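The structure under discussion appears below in the form of structure tokens.
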Amino acid sequence: MSTHPDHYIKLADHAKKASHLKSVAALLGWDQETYMPGGGADARAEQVALMAGIQHEMLTDPKLGDLIGACTADTSLSQGDTQEAANIREMRRDYDKRTKIPAELVSALAEATSRAQHAWKDAREQSDFAAFKPWLDKVLDLTREKAKCLSDGHGELYDALIDEYEPNAKASEIEAIFTPLKKEISDLVLNIAENGKAPSKAVLNRPITPAKQEAFGRFVAKSCGFDFSRGRLDITTHPFCEGVGPGDTRMTTRYRESSWTDSLYGIMHEMGHGLYEQGLPLGQSHGQSGPHQIGMPCGEAVSLGIHESQSRLWENAVGCSLPFWKWALPHAKEFFGEVMGDQTPETMAAAVTTAEPSLIRVEADEGTYNLHIMIRFELERAILSGDLSTADLPAAWNDAYKTYMGLDVPSDKEGVLQDVHWSFGLIGYFPTYTLGNLYAAQFWAQVRSENADLDNQIAAGNFEPLLAWFRTNVHQHGRRYTPAQLCERATGKPLSNEPLVSYLKDKLYPVYGL
Ligand code: ZN
């Protein structure tokens with residue numbers, strides 16, 4: 001029996017309905033990417049827009065504002081370190097942010113970004129930055145407008161934008177972590193490029209049929225703890241994972257016959273996101289009393305950075321490790337047969353550990369990936385503030401790739417035009433990728449310090465203790481704490497770059513014989 005007052009029960013009801021609407025919209029999106037025939041595209045676009053409108057109405061409904069007000073005023077609910085207090089605090093935050101941006105600006109941004117995406121596609125095709133520049137300027141103007149509305153004139157505009165993805169993060173704090181990190185990783189990568197001896201990667205291109213890759217990928221995901229009775233795996237061009245709703249987490253991947261680890265690590269990445277979604281406390285089955293958490297902040301993922309920490313951890317720290325291959329290789333030999341016959345756990349772990357400078361972010365390896373991100377963070381912050389004009393952006397991009405990775409960028413297609421994010425107005429999104437790697441490394445160091453047997457457990461295919469640590473320290477909290485608080489509670493320290501730098505050095509130098 002719940003003892004919650006009426007206004008809190010009503011708030012939870014409202015949140016649940018809004019969450020169900022979100023599930024319906026997510027399902028439309030998932031279907032569009034997986035099974036919808038092309039002929040359904042026009043109607044689907046209208047369906048998606050209609051759903052977005054209804055969702056927006058529901059989430060900015062003055063009645064919701066009144067309920068949040070009543071709950072905030074009820075200090076027996078809204079004070080203290082409880083789930084209820086966190087839910088009210090976070091719903092207040094969400095509601096205030098949503099109602100701060102005028103409807104005209106929302107539609108102006110929607111129209112500009114939709115056109116900017118088309119312009120970006122053509123411009124990228126032609127490697128013609130000048131054709132994209134007016135659209136980028138337009139999107140930037142509107143994005144600045146939006147940031148002004150969100151920040152009420154306080155602080156750096158960029159902070160108001162990151163806040164959408166990484167609540168409470170500040171550009172200046174990220175800069176303080178990224179600047180030394182960029183130098184460390186750049187030195188590491190340039191040293192390896194100059195003096196390292198790369199391991200053989202030939203095994204990664206041996207042909208494995210998609211059916212065999214899928215069977216193995218499913219086996220690995222299940223072994224790591226992904227619950228297929230509450231989740232799915234399907235095929236899409238661009239892999240993703242979506243928590244559609246309670247008991248329904250859907251991930252996707254793609255298969256290339258001549259590159260079987262793409263799908264394996266694609267699955268392990270999305271599975272990391274999926275394990276987080278499956279571990280969020282949505283119902284009363286998690287030993288909670290009182291109302292459900294469906295649509296309530298404590299039932300939601302806290303940030304993109306923390307989400308990405310889960311995917312990166314399983315993909316890289318676990319999946320590209322020697323203990324993992326001690327367990328996985330005999331199974332890979334069963335699933336794939338003769339083609340894996342000459343491999344040892346050592347050769348496999350070395351083959352998947354790489355740090356090679358490259359131009360394209362989405363194809364970058366673990367060693368170099370963060371350089372791509374930190375370069376983008378610096379540049380987008382500068383174009384947002386106006387310190388860098390968009391006319392000078394391509395040259396600044398090329399300079400950064402030369403400085404940090406030693407690369408000449410031959411064309412804007414392989415340079416400043418490669419990512420879709422800016423045409424969407426997604427400024428402040430990029431840093432969450434590296435924040436994810438930073439969180440992952442810090443969590444990883446902590447788990448290892450608490451569990452000396454972890455490597456043996458992984459080598460025996462026992463992933464349960466690792467998953468349990470994340471269930472306890474990360475998943476079960478939802479948005480109860482900020483990402484920074486969550487990190488500090490779980491690891492005893494604020495986020496720093498030291499664990500990631502040590503992790504990369506310890507992992508990469510031996511493989512490259514340094
Ligand atoms: Zn991800």
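Counting begins at 1 with the first residue of the sequence. If you're wondering where the values come from, they're calculated on a predicted model, not measured in any experiment. One-based numbering, in listed order, for ligands and for the atoms of each.
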*Taking only residues two or more places apart in sequence or in another chain, which ones pass salt bridge (charged side-chain N to carboxylate O under 4.0 Å, His left out) with E308?*
R312
*asked:* Below the 2.8 Å mark, what number of protein N, O or S atoms do you get around the Zn ion (ligand 1)?
replied: 3
*asked:* My understanding is that only residues two or more places apart in sequence, or in another chain, count here; which of them pass side chain to side chain donor-acceptor pair (under 3.5 Å) with D122?
replied: none
*Aromatic ring proximity W314/F443, centre distance under 6.0 Å*: no
_R124: partners by salt bridge (charged side-chain N to carboxylate O under 4.0 Å, His left out), with sequence neighbours left out_ = none
*Relative to each other, are the rings of H273 and H307 parallel, tilted or perpendicular (30° and 60° limits)?*
tilted
*Does the cation-pi check pass for R376 over Y433, that is, NZ or CZ under 6.0 Å from the six-membered ring centre and within 45° of its axis?*
no
